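Just below is one structure, and these are the notes that go with it.
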Protein chains: 2
Amino acid sequence: MTIDTFKGTAASLSLDKLRRSCGYCAMHDVCLPAGLDGGDLERLDSTVRERRPLDRGSALFHQGDSFTALYVVRSGSLKSYVEGSDGDMQILGFHLPGEIMGVGGLTNDHYPSSVEALERSSICELPYPQLQAVSASMPALHHQLIRVISHEIVSEQAHMVMMGKQQAQRRVAIFLRSLADRYGRLSRDPTALTLPMSRGDIANYLGLVIETVSRLFSRMEADGILAVNRKSVRILRRDLLDALCGGETES
Amino acid sequence: MTIDTFKGTAASLSLDKLRRSCGYCAMHDVCLPAGLDGGDLERLDSTVRERRPLDRGSALFHQGDSFTALYVVRSGSLKSYVEGSDGDMQILGFHLPGEIMGVGGLTNDHYPSSVEALERSSICELPYPQLQAVSASMPALHHQLIRVISHEIVSEQAHMVMMGKQQAQRRVAIFLRSLADRYGRLSRDPTALTLPMSRGDIANYLGLVIETVSRLFSRMEADGILAVNRKSVRILRRDLLDALCGGETES
DNA sequence: GGATCGAGTTGACCGTAGTCAATAACGCGC
DNA sequence: GCGCGTTATTGACTACGGTCAACTCGATCC
């Protein structure tokens, strides 16, 4: 769909607004609007605010902030994490374009975790009162919202399986495969990963230490599975990577 | 509130139906209906089916079954788990009265995990199509449903923090404290736990082996924190238990 | 009452990943 | 270009929890 054909169906919108709209967005079908048709899509669109881009290291919200909105990654990537009272951090997940953030806040008016940009990122903001109002009269959106939240649960459960008993190399393999699959869904090359997070972030997320992650990257490179160069990782043998993952899944 | 006074407000219902209703249920305010008023409560009630009790070891649903309903524990307790293709099991959580089960199925029409009774248990079934129909015209229920699902996410995140880097004794301490707190919310004695799950289940859930859990129970008993006798655990020194937990929380 | 079975406890030993430390590679500012 | 700080890699050693095995304790069944 080109801008021109789309313009025909929504002539009243300015080109600028149009360019920011969900219908035009490349994330369209992997994002909250997936499955919504024209009219509903426009109504959802009216609730979306686009925040100015977040620079690397700056926070979208902090643990304990009062809950105001859900967010969706438009471009870039972010990490969510919690900090214990003794200052230790646990990374809960990484967020790529099309993925939702802030759902933990729905349960008690405060975000239970912090979210921070790993690189310069654009974010769509969905103020919750408006989203609630719109979805009240739009069963399709309502259902889609519940589906997306439920998907978070399933992803977290997959991660719990990994943290439960898998050995270190399998954790790293599953992590890389998950990233590759998500890249694929975004129509990027799933064999050429550019890791936006540090080795420390990866280690923390996987319940390992940085040295272990580093060693395993080296080992998988020696085994001909990967080509690693700093933040860029090329998957040379997807079959061997899958073999390392065993029967477990994480998407 | 006695049965008689309640009967006066709903004379058309049979006593039997009444006894099964959400309004009469002891779990009332820690369950899905929390915050709903009379009229709404009755409408929710109409969608609830009570399944016959599940015996110890029998399944509520299996991983891969097609998604039909959400479930709530009325009495007893259950465990949810996933099985990898290589036959290994990972327990994802334990479910006490008032807690919801099956939310993972909302995202793609199939339950991603299995649920099995740890003891004879009563279950309320909420067929999803009906729940969806009722909540479409009842914003309060709709919002409550989202809150409950989001709560699942937050609980799982707390568990991920634990699995990330906490040492074995802290895991066991956090597990016991979590159970004690949930007992408290059910107005049971939070210092006298009757563990419905085996040592193996606890170990699996915490990412440990059975011997480690056993040793730590013994150690905490030697330290005067617990009195352990098979499945019954008495918390003698809640302060010391909290100290072992450090700054971390899990509810 | 005794045999049997499963669940749990305890001990001895071992292995994987963590700790500590040194080095290397890159990024950034001047 | 040079120096400095941050991030990553590699090596040597350690420790925590896992493995393997023996034993105890109850419950159940003839």
Side-chain angles (χ1 to χ4, degrees), chain A residues 55-57 79 88-91 116 118-120 162-176 193-223 225-234 244 246, chain B residues 55-57 79 88-91 116 118-120 162-176 193-223 225-234 244 246:
Chain A
D55 279 323
R56 172 186 156 82
K79 65 177 174 186
D88 68 327
M89 174 179 94
Q90 174 65 48
I91 293 180
E116 176 183 318
L118 293 167
E119 59 190 314
R120 193 170 168 82
M162 209 196 54
M163 299 282 262
K165 223 145 191 15
Q166 307 304 329
Q167 55 189 23
Q169 191 177 31
R170 180 166 288 186
R171 296 190 193 199
V172 173
I174 291 173
F175 170 72
L176 289 174
L193 311 180
T194 304
L195 307 180
M197 69 293 284
S198 70
R199 294 287 189 275
D201 284 342
I202 297 172
N204 183 294
Y205 175 65
L206 297 176
L208 303 171
V209 293
I210 192 170
E211 294 94 327
T212 302
V213 171
S214 186
R215 268 187 259 271
L216 289 171
F217 272 34
S218 300
R219 174 141 122 222
M220 291 163 86
E221 187 165 34
D223 291 348
I225 303 170
L226 306 175
V228 183
N229 186 284
R230 306 282 292 170
K231 301 222 168 276
S232 89
V233 173
R234 181 166 288 277
L244 284 180
Chain B
D55 279 323
R56 171 185 156 83
K79 66 177 173 185
D88 67 326
M89 175 179 92
Q90 174 65 48
I91 294 180
E116 177 184 317
L118 294 167
E119 58 190 315
R120 193 170 169 81
M162 209 196 53
M163 300 283 262
K165 228 153 186 14
Q166 306 304 330
Q167 56 190 20
Q169 192 178 31
R170 179 166 289 185
R171 296 190 193 199
V172 174
I174 292 173
F175 169 73
L176 288 174
L193 311 180
T194 304
L195 307 180
M197 70 293 285
S198 69
R199 296 287 190 275
D201 284 341
I202 298 172
N204 182 294
Y205 175 65
L206 297 176
L208 304 170
V209 293
I210 192 171
E211 295 93 328
T212 302
V213 171
S214 185
R215 267 186 260 270
L216 289 171
F217 273 33
S218 301
R219 174 140 120 224
M220 290 164 87
E221 185 164 35
D223 292 348
I225 302 172
L226 307 176
V228 182
N229 186 285
R230 308 277 295 168
K231 300 219 169 278
S232 89
V233 172
R234 180 166 288 279
L244 283 181

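Just so we're clear, the structure is a prediction, and the values are computed from it rather than from any experiment. Quick note on labels: first sequence line is chain A, next is B, and so on, each numbered from 1.
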field: Footprint string (nucleotides 17-22 of chain D, 5' to 3'): B base within contact, S backbone only, - free, heavy atoms under 4.0 Å
entry: SSBB--
task: List the steps and the verdict of side chain to side chain contact (heavy atoms under 4.5 Å, CB included) for A:Asn204 and B:Lys165.
output: CA-CA 8 Å; A:Asn204 183 294; B:Lys165 228 153 186 14; 5.7 Å; no
- line: Min and max contacting nt of DNA chain C in 5' to 3' order, chain B heavy atoms within under 4.0 angstrom, are C:dG8 to C:dA12
field: Test side chain to side chain contact (heavy atoms under 4.5 Å, CB included) applied to B:Gln166 and A:Asp88, step by step
entry: CA-CA 11 Å; B:Gln166 306 304 330; A:Asp88 68 327; 3.9 Å; yes
query: DNA chain D: B:Arg230 or A:Val228, which has the more 5' nearest nucleotide?
result: A:Val228
query: For D:dT9, does either OP1 or OP2 sit under 4.0 Å from a side-chain N or O belonging to A:Arg199?
result: yes
query: Is A:Ser214 touching bases, backbone alone, or none of the nucleic acid, heavy atoms closer than 4.0 Å?
result: base
- prompt: Is B:Ser198 touching bases, backbone alone, or none of the nucleic acid, heavy atoms closer than 4.0 Å?
  reply: sugar-phosphate
Would you mind reading off the distance between [X] atom [atom1] and [N] atom [atom2], rounded to a whole angstrom?
| X | N | atom1 | atom2 | result |
| --- | --- | --- | --- | --- |
| A:Leu216 | D:dT9 | CG | P | 11 Å |
| A:Arg219 | D:dT10 | CZ | P | 13 Å |
| A:Phe217 | D:dA8 | CZ | C1' | 11 Å |
| A:Asn229 | D:dA8 | CG | C1' | 12 Å |

statement: Stems with DNA chain D, 3 or more Watson-Crick or G-U pairs in a row (under 3.5 Å), are C:1-30 with D:1-30
Which residues share a side-chain contact (heavy atoms from CB on, under 4.5 Å) with A:Arg56, sequence neighbours left out: none
message: Could you work out, with side-chain contact (heavy atoms from CB on, under 4.5 Å) as the rule, every residue matching A:Arg199, not counting sequence neighbours?
response: A:Leu195, A:Ile210, A:Val213, A:Phe217, A:Val228
task: Step by step, work out the side chain to side chain contact (heavy atoms under 4.5 Å, CB included) result for B:Asp55 and B:Arg120.
output: CA-CA 4 Å; B:Asp55 279 323; B:Arg120 193 170 169 81; 2.5 Å; yes
Inter-residue atom distance [X].[atom1] - [Y].[atom2], 0.5 Å rounding:
| X | Y | atom1 | atom2 | result |
| --- | --- | --- | --- | --- |
| B:Leu208 | B:Ser214 | CG | OG | 12.0 Å |
| B:Gln90 | A:Met162 | CD | CE | 11.0 Å |
| B:Arg234 | B:Leu193 | CZ | CG | 9.0 Å |
| B:Ile202 | B:Leu216 | CD1 | CG | 11.0 Å |

task: Applying salt bridge (Lys or Arg N to Asp or Glu O under 4.0 Å), name anything that partners B:Lys79, two or more places apart in sequence or on another chain.
output: B:Asp201
- request: Given side chain to side chain contact (heavy atoms under 4.5 Å, CB included), test B:Ile91 with B:Met197 step by step and report yes or no.
  value: CA-CA 11 Å; B:Ile91 294 180; B:Met197 70 293 285; over 6 Å; no
